[in-house]
Structures are given as C-alpha cells and as structure tokens.
Amino acid sequence: MTALEERLSDRVSELGLPQWAVDLLLIGGVVLATYALFIVIGIVFGVSTNLIVGQLQQITFFAAVYALAALALNLHWGYTGLFNIGVAGFMAVGAYTMGMLTAAPDGSPPGLGLPLIVGVVGGMIAASLVGFVAALPALRVRADYFAIVTLGLSEIIRRALLSRSLQEFEIAGYALGTGGGSGIRAPSTDVVADYLLYVGADRTGDPTTLGAVLFESAELLGIQPSIIRNGVYTLILIAFVVAFYVLLTRIAYSPFGRILKAIREDELAARSLGKDTNRTKIKVFMLGCALMGLAGILWQGSRTQISPNSFMPIVTFYIFVALIVGGSGSNTGSIVGGFAFAAFLYQGPRFLRTIVRALVDVRAPPTIYDAFVPLASGDPLPLLGYAIGSLDEIRYIFIGLVLIVLMIRRPDGLLGHRKEIAAATDLSRRPAATNGGETDE
Amino acid sequence: MSTGNVRGRLSDTTAQEMVGAVLLLGIAVLALDLVRLLVTGELSIARLGSYLWAGIVDSLYIGLAAIGLSMTYSILRFANFSHGDLITTGAFSGWTVAYLVGGIGVADLSSRLLLRANGGAQPGAVGMDVLAAPLAIVLGLVAAVIVTVLVALAIDRLVYRKLRDEDGIALLIASVGVALALRYLLAVFYTTDTRGVVAQAPSPGGVDLHQLTLVVSAVSLMLGIHLLLQYTKLGKSMRAMSDNKDLALITGIPTERVIFATWVIGAGLAGAAGYLIVLDRGQVSINLGWFLLLLIFAAVILGGIGSIYGAIAGSLVIGITINLSLVWIPSDMNEIAAFTLMIVVLIFRPDGLFSGVETA
Amino acid sequence: IGDGVGGGGDADAMVGVLQPVTGDLGNLGAPIRDAAILPGTQLEDSDFTIDIREEDTESQPDAGVSGAKALVNAGYPAITGAASSQVTITVAEDTLIPNQVVGISPASTAPTITNLEDDDFLFRTCPSDALQGEVMANVAYEERGLESAASFYLNNDYGQQLSDSFVTAFEELGGTVSNTVSFEAEQPSYTSALESALADDPDMMIVIGYPASGEQIFRDYYSDFDSGQTIMVTDGLRDGDLPGNVDNSMDNVVGTAPLAAGPEQDAFTELFQEEYGDDPGVFTAQAYDATAVNILASIAAGETDGPAIRDSLRDVANPDGEEVGPSNLEEAVQLVDDGESVNYQGASSSVNFDDNGDMQAVTYEIFQFGDGGVETVEEIDFEA
Amino acid sequence: MSDVDTESRPADGGEATAEPTSRSTDSSILEIRELEKHFGGITAVDGASFAVERGTITGLIGPNGAGKSTTFNCITGVHTPDAGSVVFDGDEITGREPHQIANRGLVRTFQIAREFPEMTVLENMMLAPKAQLGESLWRSVMPIARREVVEQEAVTRDRAWEMLEFFEIDHLAHEYAGNLSGGQRKLLDLARALLTEPEMLLLDEPMAGVNPSLEKKLLEHVHELQEQGYTFLLVEHDMDVIMNHCEHVIVMHQGSVLAEGTAEDIKADEAVVEAYLGGDV
Amino acid sequence: MGLLEVSDLDAGYGDLQILEGVDMTVDGGEYVTIVGPNGAGKSTVMKSIFGLTSYMGGSIEFDGAEISSSRPEDIIATGIGYVPQNDNVFASLSVKENLEMGAYILDDLPEDRLRGIYDRFPILEERKSQKAGTMSGGQQQMLAMGRALMLDPDLLMLDEPSAGLAPDLVDDMFDRIDEINDDGTAILLVEQNAKEALRRCDRGYVLVQGRNRYVDSGDALLADEQVRQDFLGG
Ligand SMILES: Nc1ncnc2c1ncn2[C@@H]1O[C@H](COP(=O)(O)OP(=O)(O)OP(=O)(O)O)[C@@H](O)[C@H]1O
Ligand SMILES: Nc1ncnc2c1ncn2[C@@H]1O[C@H](COP(=O)(O)OP(=O)(O)OP(=O)(O)O)[C@@H](O)[C@H]1O
Ligand SMILES: CC(C)C[C@H](N)C(=O)O
Ligand SMILES: [Mg+2]
Ligand SMILES: [Mg+2]
C-alpha cells in the first residue's frame, strides 16, 4: 500500500505537471486502484453486482465524510498546529443546530421548522461561534493541554446534548430541544438527492429524466434504487470535498497560510514580526470549526435522526487516523487519507465479513473459548466464525495498530512529508535585475 | 504550537488572580448555600454525608489511577491516553484470577477463564465477596497489579521506547492507538458485554465491606508509594528526570531504569484501581477505564502534573465535585461540572491548583 | 440460511432480521433474534426458498441504521425489527419508509409508533405502552395501595413514553409522583441518579430500562438504597438472569410485560425448545409471528417488493380465511402460494393488524423474580 | 507626557517608509521612563529610564540578572510593565501587543535565533513584510481579489531575494531554516527583521555564542545599516563589541540605570567597574 | 598514553554524520581547549565522549579502557564530569538537591565533597535551598560546575561555561577553572571566548566542519596568523 502510493506519486511527479494536476492524478489513481481491488475481490468470490456497487458507494460516502473532516482538521492541526481533539463536538454543534432549526415545530422535541438551507448555514455559524468561545481561552494553553481542553469541551457538548435538562426548552416563545438521549428528528440533508431524482422531490412520485435514466440502468444491472439514491448524495458530498479542497488550498498558498505555518512553528517569533497571531488563530479556528460543523451536518444530517452518541470521542480519533494516514499538513493527503481510512479500515472489513458469511455458513460461537475448543479437534470453522463475529473489535485493534505503526515508522503519513510552500507565487523565480546565479544551491 | 510565551505573558497579568478570586467567591457562595439548605432542611445531613462519602470513594480510585498518569506524564512527557485501558486491563486480569481461584469446583473453566463471557457462573453462585472468598479476592488484586505492570512494560518496549525522542504529540497519538488496540484485544477475548462479577457486598453493621476494602487498599497503596518515593533515591531521580531528561542522563541517573520504575508504579496503581473499582461497582466492562480517563486527566491537571500529592488532592476535588454538585444540578450534568472546572483551571492556573506543593 | 451475497430475486421470500444481539438489550435480544429466524429454519426443507439475513443493532440507533441500510441495499423488502422503540423509529424513518421496505417490530412498544407517518410500512406484533402504563398504575395503586411513586427511566422513546403513560395513569388514580429521573444506558454507576430519584422516599419506584443497565441499577440500588419499597419493572427488564447477575433475590420487584397468549402459543414454545433447548423469553413469540407473517405476505404478494408485501400483510394476518399458525407453517405457505386466503393465528396473539399496524388484542402479565427465573403471577387481557 | 512628545517627535512624522535613509537623526527615537517589572517577589526592573538617539548604535550592558532582557521584553510587549512608560517615535506604546509594536517600526531579534524551522529561508523572509494584502483571509480566497495578492507576492519575493543577497545567504534560499547553522540563523533573523522595514532594531546578545569571524561580519552589516539610517539598541556582554562599536552605552544594575555615556566614560566610571567590569563577586 | 584518548572518531545524530575522524588527547592534569566556528562539532565531541550521540566508528579510551559503548552512568563512574552548554541545572530542584544529584551513582552522599564544593563556591551554600532555576546565569554555571565536581572527576568537560556571563564573571569563571585544574583535575574546555581560553590552556584544538584543523599549544595557536584571521576574528 505504502510502496504502491509512493511509486505512484513518484511516477506522477515525473510528468512535470502543475501541483494541482499531480494531486488530482494521485487522488484519482488511489481511488481507482482501490475500486479495482474491491471489484476484483467481489468478482472472485462471486458477489453480486448490487452488493459490490453498494459497497463502493458506502466506501465513497465515508471517504467523502472523513475527507471533509480531515481537511478541516488539517487547517487546525496540519497548518496552524492547533491540536484539536474535540472535532466530534464541533460536528455535533453543527448537526444539532441544523436539527433544531429545521425540525418540525410539533415534533418531539420541537424545532423551528425552518428551511434546510437555513439550518445548514445556521449550523455552520453555530459551530464557528462555539469555536470562537472555545478559542478565546483555549488558545492560551500548551499544545497537550489544548488537546485535553478540546476533548473536554467535546464531551461537555455531548453530555449537555444528552442531558434531560436541555431536552426541551423555550426561547422567546419558541419551543426547542435537543431531545436528550433520543436525539432529534429533522429533515435529512440527503433530500437534495431527491430533488435531482424525483419530480418535486416526491419519492413516491415520478422520477425526473435523470432519475429515470439512472433507475433504469440500475434495474438492468440489478442494483437497488436505494443505492442510486445514496450514490447521488455521495456525489454531492464529493462536490463539497472539492469545494473544501479549493478553499483550503487557496489558504495554504497565500500569505495568510504563511502566517498559519509561522504560528505552528514559533508563535512568539511571528508576533515579533508584527503578525497578529491571536486574531489569526481565532479566525482560522472559527473557520475550521465551521467546516467541521458542515461536515457533521452533511454526515449525521443525512440521517433523519441526530443522536448524541454519534459524536463520541472515537469519531475524532477516526478523523485523526484519516489525517495522519494521509500526512498532516497536506490537503491532498487529507483526501487520500480519508479515502484510505474509509476503504481499508472502516468499510473494507465489513465487505470481507459479508463475503465470508456468504461463503461459509458458520454461526459465531458465544465465546472465544468455545471457538478454541473445537480447534483442538481440528475444526477451525468456529474460530473463523468467532473472528468474523468479532470483526468490529478486530477492526478497532487494527486501527490502533495502524496509528502506532504510523507514528513509529511514518509519522509524516503515507504521502510522506509534503512541505507545501506557502506563497501565492512561484518562489523559485529570482528577480532578473540582481546578480543572480543559480536559483538552486 | 508554542504558546509558552503567551502563557508567560498571561502570568504577568492579574487575570489569574482575578479568576482565582471569582472561583473562590463562587465556592464561598456555594458553601453558604449549602449551609442554608442544611438549615432549612432541604438537604438532610445524611444525604450530604452520603454525597461526601461517595465523593471520597470516587476520589480514591480516581486518585490511584491519577498518580500513575501524573508520573508517566511528567517523566515520559506525554499525555498517555492508554492509561484508562491499563485500568481496564487490571480489572479483567485481576477478576479472571479471582474467578479462577474462587470458582474452583463451582463453575466451569470457560466461565471462569473468560469472566462469564457466556453468561454462566453468576457471581453469587461463585461466592465472589470478601468474606466468602478472601483468598481469591486478594490473589486477584495481586494479579491485577502484576499483569497490568507486565502489559505496560511490554507496551513501553514495543511502542513508547521507539518514540523516546519524539515530541509529546506523537506519543499522545501513539497512545491513542495503544488504547484502541489494548481495549479491543480485551474485547476479543472477553466480549464487549458488561457483566457483574462481584457478589453482593457483605455489610455487617451497615458497613459495606467491599467499599471498606477499596478504601483501605487505596489508602495503603498511596501511603506505600509515598514512603517509597520519600525514602529512596527513586523519588528524587524521578523529579530530576521530569525536570530535565538530558541532564539526568549526564548526571548518571539510569533513565531507562527510572522509566521502568515509573511504569511499574504507574501501571501497578492503575491495575489496582481497575480491580478495586470493580470490587465496589460490581460490574466489569471494556470501557471501564476509557470512560474514566477524562476525569483522571482532570484530577491530574487540577493537582499539577508531576506532583503525587497534587494528583491525590486533584482527585479529591473531582470526586467531591461530581458528587456534591448533585445538590444543585441534575445528575446527568455532574461530569460537565467536573470538566468545566478542569478547563477553567487549565486556563488560569496551567500548573495546577496545588502547584508549589512539594512532591516526594 | 440465507446467502447474503445474492442480489435477491431468486428467493420466494426475503426477510431481514434486525435485532439487538449485543449491547444493552443483548440478553433479551438474542432469544428474540433466535425466534425471528425460526420460521426460516422451519421452512428450510420445504419447496420454498426463504432468504433470511441477520443484522445486529447493538441496541443503538446508529448501528441499527447501518444494519438496515445493509439489508435494504441487499434488496430485502421486509424486515423483522427492530426491538428497542428508539431504534425502530429511527430505522423506519431513516431507511425503511424512504426505501419502501416493510418493518414489523416484535418488541417496540412506544405509543408514538402508532401514529408515525409511515405510509403504512411499519407494523408491530406487540402492544403499545399506552396500555402498559395503565396496567402498571392499576397494579400499584389499586392492587397494592401504593400512593407515591418515583419514575426512573431510560432516556429514549421507550422509557420516556412509558414513564409518561404511567405517570398520567397513576396521577389520574390519585397517586403522586415525586420524581421522574431519566438515565443513560450502560453508565458505570447510577448511584447519583438513584439518589435524586429516591430523594423523597416514595412508596414505590418504577424502573424502565434494559437488562445491561438494569443490572448496574439494581446493584447500586441494593448496595445503597434498599429500604424495602416496591420496585416495579417493565418488559425491558424481564430477564430471568437478572437476580443472579445482580446477586440479589430481588423479592421487592414486581413487573409487567406483554404476554404471549396467542392461539398457537404452545406450538411455538415446543418449536423453540426443540431448536434451542431453552424456554422462549419476552417478545420471542412476537418475533416469530413477525417473521412468519412477513414470509406469508411475501409469498402472497408474489414478488419481493416492499409495497406489495405491505398490501398483502393484512390479507394473510387478519380474519377471513383458513386459520394457520406456527404448527402448520409449511402448509400455510403452500396455501398462500396457491392463492388461498389465510388468517394467521400467532404464538403471541391472533395477530390482527389495525389501520395503524398495531395489534388489536393483547394480554399482559404481572411477573416476579423467583428461583427458576421469571414467574407469571397474573394475566390481564385487553381488547382495544 | 506632552514634553516627551515634543521632544521625540521626529521631523518627518515618523511614518514607516521604504526609504530608511530619509530619517532624521537628531532626536531620541525611544524613550523609557521609570519602567518597573516584578515577578512575584523579584523585582526585575526597578525604575529604569533611558533614551536612545535616532540613528545610533546604543549598547545596553549590565551584570547577569540586571534586568536587561526583561527591559527588552517590556519594550516589545512580551511583558506588560507594572509601571512606567515606553515612548517610541512619539507614540506611547506601553503595554501594547508585540505585533502592534513591531508594526509600529520597533522590531527585535532574539538571543537564541527563532527561525521557522519547517519553512524555507525564503518563506521565512516572505513572512516579514508588513501589511501584506494576502494576510487577509478573504483576499486570499476570493477569486478576483486574489489577483492583487499574487501581484504583490511577486514584489515581496523580489525584495526577499535582495535582502538575502545583502546578507550573502541567498544560496540557502530554498533550504529549510531548521537546517541552518547557528550563525546562519542569526543572519536570517536579522535579515528577516529588516524586511519588516523597521525604524529601530533591538538585538538581544546578537554575538553570544557566535564565532569571532562571523561576529565581525555581522558587525559590518550593522554599521552599514546604521549608515542607511537604522537605529540599534543591543544587549551584549562582549566588551570589545560595546567599546568599539557603540556610540552610546547604558549600564543597568539591579533593575535601574547605573550609568550612561560614551564607551570611554563608562570604562572610566568607577561604579560600573565595581558592578560589572571587574572587581570580585 | 593520555588520560583521554579519542582517535579517528566518527559520530553524529541519527544518520547524520557530524564528526569525521576526530583525534583528541587529554593527559592527566592537562588543560585542553577546543575552539572553532559555530556548528563545527565542538559540543558534539563532548556529547560523543559521553555516549549521547550516534557512534559511527573510531575509539574513545579513558584511563586505558574503551568507553565508546558505555552508558552515561558508567562513564561518570570512570571519572569524567561534564557540564553541558545550556540547560545545565535541574531548574525545579534546590541547589543542594542539584549537588546531590551529582553524586547519584554513589550510595551515600559524600559529605566531605559537598563541603569542598561549598568552600569553593560559597554562594552555593548560601543559597542551598533556593530553586536552581531562579538563580542568575552566573550562579547557575557555578552550580553546574559544582555538580560535576561532586564525584571528584579526573577529567572535567566544560561546554562554553562563559557564554552569556557578564565580563567580571567571565574572568572569575576562568579563574575557577584554573583553580580546579591546579588541584589536579584535567580540563577539556570548549569556548567561543577563544582568545582567553587559548591564553590559559596547555593545548588547543581547532575544529572545523567536524574535522581536526590545528593542534598546538595555546600560545602557538594564538600566535598563528592564519588561526587569528580565520577563527579568532583577527
Ligand atoms: N519570567 C520570570 N519569572 C520570574 N523571574 C524572572 C522572570 N524573568 C526574569 N526574571 C528575573 O528577573 C531578573 C532579571 O532578569 P533578566 O533576564 O532581565 O536579566 P538580564 O539582565 O537579561 O541578565 P542576563 O545578562 O543574565 O541575561 C532576574 O533575577 C531573573 O531571575
Ligand atoms: N540533536 C541534534 N540533531 C541533529 N543535528 C544536530 C544536533 N545537535 C547538533 N546538530 C548539528 O551538528 C552540528 C554540530 O553541532 P555542535 O553543537 O557540535 O556545534 P558546536 O561546534 O558546538 O557549535 P556552537 O559553537 O554553535 O555551539 C551542527 O551542524 C548542528 O546543526
Ligand atoms: C425489547 C423490548 C424490551 C423493547 C422495548 N419494549 C422498547 O420498546 O424499547
Ligand atoms: Mg538576558
Ligand atoms: Mg556547542
């Protein structure tokens, strides 16, 4: 995997293309290679087209989600050095605000019943405001304390959302609520897919021209309509990934991005050169939080129910794994990392489980003891069954090991350390007027 | 991020003192309110007493774990996110041994070995209480300490030693990986089910013997550590190392051996804490330590990293806060209060509430 | 049983089983799951191909939605599930209804399910807690003369609504409810929450929750608060292992739960014991019935298509037609396939769906914990 | 404070300009009055007052712990003084933030050079210029506004190259700053500070730990810059540097100014000799 | 055969080689100075002798025994004391505790050594319970030196002890070093205050880019025009 990507990036960089084209090729290459791998595995084991396509759709969905969050986190940690491990909390603020703004006023808990777009924008604003409140004090502490403060904050947010005290309350005559442990039910963001697929976004009604074409070709291939619908929403997410990428890359290659890097490297030195680092940090923290909020909205908001336990700290660590796999400090890396995480660590194992379950008919024995005892008499199936049954746990172990090995062997991520030069112009060009000489040492 | 200097700047202003004053004022108001509630009878003395006792019990096991976390934090210079799972390791390994010993002849091997992962061998049937199986319970505690120490040393050898020269953030991330791997390795064996493994506590004369065991064990362990660090060179060399590792090396302090000792003490206490928590609560679960971790961090930070007495004092504050706060706030907000307290202290007294108190 | 890799189409009926095998409800969910796949086992040697695939909800909405998505994407048009009302509502709104997949829950008792906007895709074979709350209040106030109560309930659709329903009924009868305190699932300690629930020393406390949390709740209760008052539990804690796991005889606990009292209950019990060597537990009969009618409706519809199954569900379950049930499921399938009209008479009840997809007649039991597990002490019939 | 204002108001208004040579050199540019700074029980600076003449190289010396670095930190906003005032180029800057002071034209270097190690030397340099358009988040991101940013970047880049050439480290432009040797870092630090177009530079022990040969080169640069009109205030323990290169010397002792004058005066001052230059500890 | 015998030493950090074939000898009781430009590898030589760098080849003998693969705690025991360039006191420990740390490898605190050090640096006794981090720069240098002397080493290595010190303290520092040397302890000194150091020492090495450039008596180096020009600032 590592070697593959490395060779890929070497090969690509030989072509002498501009950086963005190289990056695009790199991302595309990785994605296509992974798709091919899964398709081959699927075909070899006789998996139906429907399931393969369904899996690829799921992988892509999660890849997009994790890429979005990893990109936002990269702005905080990779560029500015703000070690924020409260990402889940900011995602929760975004998703919940959207939920509270858009939920039906007669629901339980009630919401304001505002249009979806208001909810999305409101969610981003709320996330960035919480970011602002958090930033003011939190930015004053050391990096490892900052980590603990942000983690504590995300837990405070989650517990507050869980608490029955906020389950339903009233502001200025409007009833609102978080719904406590049951969460909040609100229109899901994936209705945008319906607008593309059905006339008047009515799922029981007629499909649009696009919808008709898609559904008919899906029918031919034996693919469920639900996959098509999710697929269309996934494409919308990808559009957001592109937007995030463009935005963040522009920031990275600008004097503003240069200040961010300087803050990461030595804040006092940056201040002494006249840079208002506090303002910059607050700005970029708020921006990152807004993006995290949006990622939370696009992800959790695509379900009809938003519940507090979707925002456990583990979510933040998933995002960190994605970012570290790709290499922090690199936007391309964030996307590749998000994809690699979704494909190989998050969804991939589930695909394997589906295949194994289909091939061998074993019930998981209740304990590992019951799995080992038959092994002594030469029957490995129960153990296999147990392993498949414990796949979720094994997957966590695997994620943990990946983190450890990455920190020991490749702390800079799979793409290696990509020190992108923060400037809006080509720095290697030297002014002609001076005595010049070679630009390279 | 290097905000050390910004902090320095902050420490010049009086913001610290101001917030300190506000905090003190708040505490005073709450104390007055407490008196009012007591006088008006809205809060019975008995209830207040039970809050305080629960707070002390909580703070004792948080404290045991916090000492270890504080030591590794100051000597190895990273926030160890796998500390919680060392606690869990202690809980599972210790109770497995207790079950193995106590359940001989009563329960089948698989239930004992995997701590009832199959639902069999209920604790009452096995007689898992301090009066029915005192030997098993004590052996379990010893095993919890030993196994946790061995696990921690193995992890240090395999992971942290390779990262000695890296910065704290790299180690922190690696420790998150360790936490996940360790916890779910346990889960593969023991399953993710929460289950009771301790019989109902015998309570002659209304004294809960399990709670008493916890209190006695925890206090003696803390005392033991205090004596160890006070009267051996170990304590001083630990302080020297947490102060300046390179210089410690040059001075001839065998740093690897100090690190070894740190893990032995830190992990041993964590293991004991895990075991004792289960003795008190009765149930064991894979998330036992992980869910406690943030509270333990809060205690360590309140007390000031590196100070053992600070860790204990911080644990007291946290333990009392999460229990006594119930007088004013609903029980599902009590941890919010504890975390908020932690954040406030971090921001305005980054060196902890009890910094300046000498460590052993 | 099923082949999870297939694209669907080649089976006569495809039913997804979405139940909590792990998590808070794991102790109850595993037998429910077992019962839900039993019709498939029963029909294994028949001429029909029945494709049943299981997914675990882990007792949580998130995992439930993932499981449901997997089933829907794999083409399963009908689902037996979920158990927890919270999970069922989430799964239905998020996945089943939008994708026009039928869901029959064997255990989700929350009242709001009745009026959920579900395009008639969501059914259940268990009763609504609107009734259970009344039963509880009656038992407590009228039968036992308990006048003050505290409610300690799981913070989800089931707990909130059942607690509300109890409180309303209890207060209507003249009782007072001092404290209602909600709790979160699987917390390490409930001491402080119990402290606030029991603050006013009520005559009784109702505890609405699931077994894993319940174990810790009762451990904490017996170690710090036991003063002999009556504790009343509900279907969620009808777990025979509870006293042993808590290590207390739990003599002061009384419970209510929907009872399986269908015409063919005995036939089901026999089937279950034969297959699993264990007595069926709470909601297992309902689970069997749910899968059975799902299969019958699929075959009646003639295609593995959600709306078609929905439309034939009442045909196979409600009166008029040959009476069939667990004892002759294979025959029933054959009859339906031949186009005959049948009336499924279930293990849990006679399984007649009303307009909302709810049961029309149900029975409750009052139970206590005894040496052999759960003992039914009284049966109460309701007819809506 | 009005007297201070009139005293120090420069003829040309003190506006930061790209043309340092045009500055007047006839009045004091920096004036410290009764500065005090305490850390807990320790009094680091205890009523220090002095002024620095425009266009000079002024030395600040004193025993260890005399409060020199603390004074620097108070002037540049790293610390907020407990009492007293700092007036720079006619503006009261007491208690302002470091970046505000730097933008006002008073820039410092550090005793141990603080480079941005994972940025190239050229990136390090390009960070320095004041008020870059692209430092605004919106301008960097917005499609049309960004064009101006790109144009300005080219100008900034060319100026950075020039400065690197002046300090003869242009061959290192694409090297990561973290890979430079100690001396090269000091050069980079100084070059970067100059690119902010300051009026005055505060150098904290610029020659400490610097090899004598490199020291000579650095001093040559300082003199060249002085001729261009820059003002320097430097803390230094190396008496050769102080005696041979500073027009004016200020001696601090226990937080306040013990003596002031030309190098010759200082050398002859008995109190100074007693406290600093010789005698016994 | 000298007390310290470094021959053909290669060493560096990680994979990065800094020293290439460095030779260096210090005889018993001798006073040797190393000078050279910044980054020449002077500190690296000292760290290498103490086993704190990546060893890449060559030999380091002390008192006839090879120590290139020994651990720092063992090297200390053979009789080498080392005062590193900066960060050389335990800031949060008291002065007395710092000194005790110097004798860490002994089972008991050598009271007479402590006495001797207090006699040599009276300020340390005066401030014995003050936190080392709050002492002035010059005082900290003395404390560091005192700590290194706790084991009565045969060789004392000092890395730029005069850096950042006020002129009067610089003179004082050099005098102290002379005194220690007069008592029979060999000195290996790295200094940027090169002229002063060369004036006082028996022998000097000039190190450039990780290699030996010149070796000669201190006075001879001071007199050498080339050396003056290139390394002593004329
Ligand atoms: N942040 C601080 N906290 C406490 N005391 C401080 C702090 N900074 C400086 N001091 C104390 O203030 C006094 C003056 O220190 P300062 O660093 O200004 O001296 P200096 O003149 O620069 O000395 P040197 O020449 O040794 O650098 C010293 O006693 C020092 O210990
Ligand atoms: N820990 C380290 N890791 C990597 N490289 C290092 C490390 N320490 C020093 N170096 C490099 O080794 C080379 C020699 O450094 P050393 O500290 O020995 O120089 P020096 O001669 O003592 O210089 P100075 O007079 O500035 O103290 C330098 O290029 C330096 O950048
Ligand atoms: C399995 C059952 C205990 C579920 C419960 N009746 C609920 O609706 O949530
Ligand atoms: Mg200073
Ligand atoms: Mg050096």
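Being a predicted model, the structure only gives us computed values, none of them experimental. Just so we're on the same page: letters track the sequence lines, and every chain starts at 1.
Across all non-hydrogen atoms, the minimal contact from A:Y253 to D:R146 is O-NH2, 2.9 Å. The minimum heavy-atom distance linking A:S272 with D:A102 is given by the pair O-CB, 3.3 Å. The two residues A:R250 and D:P143 make their nearest non-hydrogen contact at NH1-CA, 3.5 Å. Residues A:F256 and D:S140 approach most closely at CB-OG, 3.6 Å, considering heavy atoms. Nearest heavy-atom pair, D:F116 versus A:D266, reported as atom, atom and distance to 0.1 Å: CE2-O, 3.3 Å. Among all heavy-atom pairs drawn from A:I251 and D:V141, the shortest one is CG1-CG2, 3.7 Å.
Only the side chain of D:T120 comes within contact range of chain A, judged by heavy atoms closer than 4.5 Å. Only the backbone of D:M142 comes within contact range of chain A, with heavy atoms under 4.5 Å apart. For D:R139, no part lies near chain A; criterion is any non-hydrogen pair under 4.5 Å. Of the two parts of D:Q132, only the side chain, counted from C-beta on, holds a non-hydrogen atom closer than 4.5 Å to a non-hydrogen atom of chain A.
The choice from D:V149, D:L127, D:T196, D:V150 that makes the most heavy-atom pairs within less than 4.5 Å of chain A is D:L127. Counting heavy-atom pairs closer than 4.5 Å to chain D, the top-ranked of the candidates A:A423, A:A262, A:P255 is A:P255.
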Could you go through the side-chain contact (heavy atoms from CB on, under 4.5 Å) check for A:T277 and D:H99 one step at a time?
-> CA-CA 8 Å; A:T277 57; D:H99 65 91; over 6 Å; no
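Residues that satisfy the salt bridge (charged side-chain N to carboxylate O under 4.0 Å, His left out) test with D:K186, not counting sequence neighbours, are absent from this structure.
How far CG of A:L260 is from CG of D:L137: 8.5 Å, rounded to the nearest 0.5 Å. Here the CD atom belonging to D:E135 is positioned 10.0 Å from the CG atom belonging to A:D276, to the nearest 0.5 angstrom.
Ion pairing between a basic and an acidic side chain is recognised when a charged N comes within 4.0 Å of a carboxylate O; D:E97 and A:R271 show such pairing.
Side chain of A:E265 to main chain of D:E118: a donor-acceptor pair is present (N/O by atom type, distance under 3.5 Å, no hydrogens or angles). Under the 3.5 Å distance criterion, the side-chain polar atoms of A:R258 are matched with a main-chain donor or acceptor of D:M126.
The number of heavy-atom neighbours closer than 6.0 Å to CZ of A:F240, taken from other residues, nucleotides and ligands shown, is 12 or below.
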